[in-house]
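Here the structure is laid out as structure tokens; the discussion comes afterwards.
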There are 2 protein chains.
Amino acid sequence: MIGIQTRTSRTRASQRTVTPATAPVRAVRGRAESHDARLRRDPLTALDPLASAGARVSFKRGEEIVAEGDAAEYCYKVVSGSVRLVKLVADGRRQVCEFLVAGDFIGLTAEADHYFTAEATADSVLMRYPRRQVESVIASTPALARHVHKLTTTGLQRAYERMVLICHMSAQERIAWFLLEMGKRSADSDTFMLPMTRADIADYLGLVIETVSRVLTQFKTAGTIQVRNINRVTLLDRDALEAATGEG
Amino acid sequence: MIGIQTRTSRTRASQRTVTPATAPVRAVRGRAESHDARLRRDPLTALDPLASAGARVSFKRGEEIVAEGDAAEYCYKVVSGSVRLVKLVADGRRQVCEFLVAGDFIGLTAEADHYFTAEATADSVLMRYPRRQVESVIASTPALARHVHKLTTTGLQRAYERMVLICHMSAQERIAWFLLEMGKRSADSDTFMLPMTRADIADYLGLVIETVSRVLTQFKTAGTIQVRNINRVTLLDRDALEAATGEG
DNA sequence: CGCCAGGTTGAGAGCAATCAAGCGCGGTGG
DNA sequence: CCACCGCGCTTGATTGCTCTCAACCTGGCG
């Protein structure tokens with residue numbers, strides 16, 4: 001049985017790189033926009049004042065950000081990089097529940113503890129907010145509360161959709177879907193980096209690493225995709241991928 | 001390909017049995033408890049005043065309560081019976097995302113539309129609340145907002161845990177887990193009714209109906225469970241089930 | 001140069017899906 | 001009252017997709 005230890009270095013970064021947030025996000029935005037207007041456009045900017053109470057935190061690839069069962073003392077916003085939310089299984093296997101990218105939040109939970117482990121799949125920078133303060137800002141800002149609720153709802157929706165994927169789709173369909181999904185998230189939806197390993201992808205889609213590798217090879221030889229430097233993907237035939245999503 | 005139509009009668013109940021809520025829940029509760037105390041104990045009682053604006057609605061087995069994509073005009077609270085949340089797949093198959101029982105909510109979403117279909121798996125009674133009013137009560141009641149957020153968070157947590165189940169557990173493990181889970185939800189955790197069909201269970205656990213049937217038979221012949229009248233289950237050997245959960 | 005983590009490729013096995021048939025019970029109608 | 005019917009469930013035979021086990025490749029780094 002392959003344990004997670006053989007797949008990723010589970011180093012708990014005790015000595016964390018912490019940079020005081022001397023330049024809150026709001027300072028670099030345009031000066032013409034009112035506070036209210038920004039709030040309406042993105043309720044999460046209500047958290048900006050917290051920046052001074054928070055900190056920029058850096059994590060190297062594989063490092064743990066929060067551990068399942070930990071008291072939810074902080075919550076985080078991904079600034080750059082990529083994060084996986086995982087559930088560890090007793091026998092050492094794991095389930096990647098979600099991949100997070102810039103702008104996504106970790107730990108906006110209503111529970112006392114984190115119910116998943118969060119790890120960086122690539123070198124990442126996050127903003128860290130004391131959860132107690134976040135809670136109070138949320139409590140006094142209904143618009144923000146609704147937005148946070150919406151984030152959680154969206155997460156639930158994504159989880160449901162992935163259940164469909166995992167239960168009803170073949171390996172080819174799952175990976176075609178995954179590639180298109182990763183494209184949507186990227187600036188260039190045709191050429192992008194996969195900021196995670198094959199093992200991460202496998203554990204995300206309910207497959208094993210060999211199956212992921214095999215299917216990617218199939219897509220390569222079929223001329224559907226191109227892969228350079230292991231993780232740089234170019235979608236050559238989007239139609240073929242979309243067809244693979246629905247027919248396998 | 002077996003479509004859902006052959007599994008369940010997808011009758012859209014246009015002529016709904018609606019009973020005006022003449023006796024809100026708060027009226028039948030003890031008189032000694034203060035409003036505040038009740039709020040702290042169960043923030044959802046803040047919705048009680050809405051009862052007069054809502055209605056008791058009855059659904060027969062198989063009837064649709066809300067449809068995926070419908071505008072989220074109402075939300076519901078299950079009073080009695082059992083409800084399944086399902087995602088329908090293009091080819092007619094489906095995924096049961098969650099089973100709801102008395103006390104559970106439907107449609108406390110922050111999205112404009114429902115992102116799943118809800119159907120009664122057994123004759124059920126629900127309280128129906130106009131969502132607009134619910135929203136305003138939530139907005140003015142931080143404790144309630146937090147509780148609703150917690151409900152959604154719990155749903156997400158459950159979804160993640162079921163991903164683990166589906167991706168890493170054998171058919172035996174999944175069904176053992178399911179039986180124990182259903183027991184936990186029941187008044188008597190050793191003998192209870194399964195208020196859904198084999199097809200529902202299969203679509204919930206990512207299996208097919210035949211596999212569910214086979215595994216239940218295995219458990220029966222092994223003396224682990226007893227099944228009477230098709231859906232009345234008695235757990236005879238809880239230890240064996242719990243062992244099956246972790247080892248297959 | 002050698003090591004190591006991550007990735008690829010191959011051979012074989014196993015578990016659950018699929019296809020197919022039959023059972024059991026409740027309801028309905030003659 | 002009984003025969004028929006349909007739905008849900010059970011059981012059997014077979015297929016096949018993915019997992020497992022194993023070997024090898026590749027690129028980065030000390």
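Only this structure's heavy atoms are used, side chains among them; waters, hydrogens and symmetry mates stay out. Sequence lines set the chain letters: A, B, ... in the order given, protein chains first and strands last, and positions in each chain run from 1.
- Atom pair A/Leu194:CG and C/dG6:C1' shows a separation of 14 Å (rounding to whole Å applied).
- Listed nucleotides C/dT8, C/dT18, D/dT18 differ in distance to A/Ser170; the shortest reach to its side chain belongs to D/dT18.
- Contact annotation for B/Leu216: no contact, since no heavy-atom pair falls under 4.0 Å across all strands.
- Distance CZ (A/Phe219) to C1' (C/dT9): 18 Å, rounded to an integer number of Å.
- Geometrically, B/Arg128 engages B/Tyr74 in a cation-pi contact, judged by NZ or CZ lying under 6.0 Å from the ring centre and within 45° of the ring axis.
- Side chains of B/Ser82 and B/Thr121: a donor-acceptor N/O pair is present below 3.5 angstrom, by distance only.
- Rounded to whole Å, the distance from CD1 on B/Ile225 to P on D/dT10 is 10 Å.
- Side-chain N/O atoms of A/Thr211 include none lying less than 4.0 angstrom from OP1 or OP2 on D/dT18.
- Checked by distance alone, A/Arg214 brings no side-chain donor or acceptor within 3.5 Å of a matching partner on the base of C/dG7.
- Of the candidate nucleotides D/dC9, C/dA16, D/dG8, D/dG8 has the atom lying nearest to any side-chain atom of B/Arg61.
- Relative to the side chain of A/Lys220, the nucleotides D/dT11, C/dT8, C/dA16 differ in distance, and C/dT8 lies closest.
- Summarising the geometry, the separation between CG on A/Leu207 and P on D/dT20 is reported as 11 Å, rounded to the nearest angstrom.
- Put simply, CZ on A/Arg228 is 18 Å from P on C/dG7, counting in whole angstrom units.
- A sub-4.0 Å separation between OP1 or OP2 of C/dT8 and a side-chain N or O of A/Arg198 is present.
- Remark: C1' of D/dT18 and CD of A/Gln218 are 12 Å apart, rounded to the nearest angstrom.
- Using bins of under 30°, 30° to 60° and over 60° for the plane-to-plane angle, the ring pair A/Tyr115/B/Tyr160 lands in the tilted bin.
- Residue A/Ile209 has its side chain nearest to C/dT8 when only D/dC19, C/dT9, C/dT8 are considered.
- A donor-acceptor contact under 3.5 Å is formed by the side chain of A/Glu210 with the base of D/dC21.
- The aromatic rings of B/Phe99 and B/Tyr204 sit tilted relative to each other, their planes meeting at an angle between 30° and 60°.
- Atom-to-atom, CG of A/Asn231 to P of D/dG27 comes out at 13 Å; the value is rounded to the nearest Å.
- Put simply, B/Ser213 has no side-chain N or O that comes within less than 4.0 Å of OP1 or OP2 on D/dT11.
- Distance A/Leu205 CG to D/dC19 P: 11 Å, rounded to the nearest Å.
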Solution key, residues 205-220 of chain B side-chain donor-acceptor pairs under 3.5 Å, sequence neighbours excluded:
residue: B/Thr217; atom: OG1; partner: B/Ser213; partner atom: O; Å: 2.9
residue: B/Gln218; atom: OE1; partner: B/Gln172; partner atom: NE2; Å: 2.3

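- Of the candidate nucleotides D/dC9, C/dG6, C/dA16, D/dC9 has the atom nearest to the side chain of B/Thr197.
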